[in-house]
Structures are given as C-alpha cells and as structure tokens.
Participant: 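Structure in structure tokens, see below.
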Amino acid sequence: MNRHLHDWNLAPREAIALQRRLAGRVEPEDRLGEVRCIAGVDIGFEQGGAITRAAVVVLAWPPRGPGVFDVVEEVVHRGPTRMPYIPGLLSFREVPAALAAFERLGVMPDLIMVDGQGIAHPRRLGVASHLGLWLDLPTIGVAKSRLCGRHGEPGPVRGDWAPLIDGPDDEVIGAVLRSRVGVKPLFVSPGHRLSLAAALDWVIRCLGRTKLPEPTRLADRLASRRGNR
DNA sequence: GCGACAG
DNA sequence: ATCTTGTCGC
C-alpha cells in the first residue's frame, strides 16, 4: 500500500522518483470546511543530531484575541534519527517523526502549518506537501528561507508579499511574505488541499507579534525545548 | 565544471 | 538543524 511511504531507507534516486509520483496527487483547494483548530509542526534534534524530536502544537480557532491562541494539545515524539539532511529530501528525514507525533494526538487538526516548504520544491513536494498527503489534511509550508524559485523583494509592511516563481514556464509556487517589519520574509507555499491565496490568508491571520505565525512558532519552541520567547 | 541548497 | 555571549532596540 502506501506502506512504502514508510520505507524511509530509500536511496536518493528512489526518493526522487517517489516525490515525482506523489506530487501529482497534491490538490489545491480554494477554501476549507469549518476550521476549529490549527496545528503547527516542527522538528528539532538532540545529542548532536542522534535524536530526532518532533513537536506538534494544536491551537483553537478562532483566536481568543489578536494573535492570542488557546493551546488545545501538545505532543512531543523522540526517536533515533534515521536519515541525514539532504536538500530536496527533507521529508524523508522529518516526516516519520512527525507522523509518530500525530499518532499520539487526541484531536486531529483541520489545518496544519509545517516548518518548511510546501510545493515550493524542485519536484513540487516539500515536507508540508508530503505530510499533508500522508495525513490527507490541508497543510501549508512556512519556511524561513528559500529552497528554489525566483522572487522580488516584498514591500516593507506586514502582509506585503511577492510571488515566488520557478521553472521555464514561470510557475507561481509560493509567496515571499513580510510577516513583520524589518525582518527577513517568510516563504509560504501550499502544502496540500489549499490554494496559495488561502495559504497566505491563513498564515497572515495566525500572525502574532513575531515573525513566525503562532502555530509554527510554538511548535518550533517546543521542538527546540526552549521555554520562552 | 560551477553554484545553489528547506531543516 | 545545532554550537553559543553579549548587545542593540522597543
């Protein structure tokens, strides 16, 4: 079945072929059903990288106030690191741990924000898309830097953005978003079952006082085992 | 061959 | 990603 998706001991060449095949299953949708909670996912490492630490934070929607969310649930999964980091093959290193964390979740979220790219990937299957396909849930890729694509400098105001273009056909694969004045922009792209416009909309609506949207920011903090800011 | 390269 | 102190700014 989809069991082979769990055979993360794929050689790079096989992994790339799998990405090409799976990319065709990614579905862009304009809107979601009723959203009651949004999850943020991020992976951290311990002991020099030997241990992979996956964190999932589920927040209630709508927020209690501007940028203020109630935490519904938090899960951390720790396990041995199996794959090295290879640009373009990040999902094979991080998704297994993320899935293990989701299996422990009591409430499945209606939308997931992942630290990394969605379709803004050489083969249109970044970690957010891969996770979304596996869970069959809407996902958004929220990365702190660029993997591929060309773009101009977004405006200086929060909410300003510039399209992320790639390929010979100038395909729009994401957006470079100014999430906060005076900081490097975020790279937002659809993961699965969501359009770019919807993805951007959700990320902006989840922005609090910092650069990262709350779901990703809290998951990042938990994955890196930092208690504060 | 050279440069780029999520986390 | 992670290793790490102080420091500039609101």
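The chains referred to below are lettered A, B, ... by the order of the sequence lines, with proteins before strands, and numbering in each begins at 1.
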Participant: Mind running a 4.0 Å heavy-atom check of residues 151-169 of chain A against DNA chain C and sending the residues that fall below it, in number order?
Facilitator: none
Participant: Taking all heavy atoms of A:H121 and all of A:L147, pick out the closest pair and write down the distance.
Facilitator: CD2-CD2, 3.8 Å
Participant: Might you confirm whether atom CZ of A:R225 has over 12 heavy atoms from other residues, nucleotides or ligands at distances under 6.0 Å?
Facilitator: yes
Participant: Salt-bridge test for A:R221 and A:D42: reply yes if a basic N is under 4.0 Å from a carboxylate O, no otherwise.
Facilitator: no
Participant: Show, in sequence, the C-alpha distance, side-chain angles and deciding distance for A:D166 and A:R124, and conclude whether the salt bridge (charged side-chain N to carboxylate O under 4.0 Å, His left out) test is met.
Facilitator: CA-CA 10 Å; A:D166 192 37; A:R124 309 294 178 260; 3.2 Å; yes
Participant: If you count heavy atoms of other groups shown closer than 6.0 angstrom to CZ of A:R36, is the number above 12?
Facilitator: no
Participant: Pick one: which of A:V71, A:L111, A:V107, A:L59 meets side-chain contact (heavy atoms from CB on, under 4.5 Å) with A:C37?
Facilitator: A:V107
Participant: Strictly under 3.5 Å: I want the nitrogen or oxygen pairs between protein and nucleotides 4-7 of chain B, one per line.
Facilitator:
| from | atom 1 | to | atom 2 | distance (Å) |
| --- | --- | --- | --- | --- |
| B:dA4 | O3' | A:R146 | NH2 | 3.3 |
| B:dC5 | OP1 | A:R146 | NH2 | 2.4 |
| B:dA6 | OP2 | A:Y85 | OH | 2.5 |
| B:dA6 | N7 | A:G88 | N | 3.2 |
| B:dA6 | N6 | A:G88 | O | 3.1 |
| B:dA6 | N6 | A:L89 | N | 3.4 |
| B:dA6 | N6 | A:L90 | N | 3.1 |
| B:dA6 | N1 | A:V127 | N | 3.2 |
| B:dA6 | N3 | A:Q117 | N | 3.2 |
| B:dG7 | OP1 | A:K144 | N | 2.8 |
| B:dG7 | OP2 | A:S145 | OG | 3.0 |

Participant: With ring centroids as reference points, do A:H130 and A:F92 lie under 6.0 angstrom apart?
Facilitator: yes
Participant: Within residues 187-203 of chain A, which residues have any heavy atom lying less than 4.0 Å from an atom of DNA chain C?
Facilitator: none
Participant: Is it true that, when you exclude A:D170 itself, more than 12 heavy atoms of the residues, nucleotides or ligands shown sit nearer than 6.0 Å to its CG?
Facilitator: yes
Participant: How many angstroms lie between atom CG of A:D115 and atom CE of A:M113, to the nearest 0.5 angstrom?
Facilitator: 12.0 Å
Participant: In Å, rounded to the nearest 0.5 Å, how long is the span from CG of A:L222 to CZ of A:R217?
Facilitator: 12.0 Å
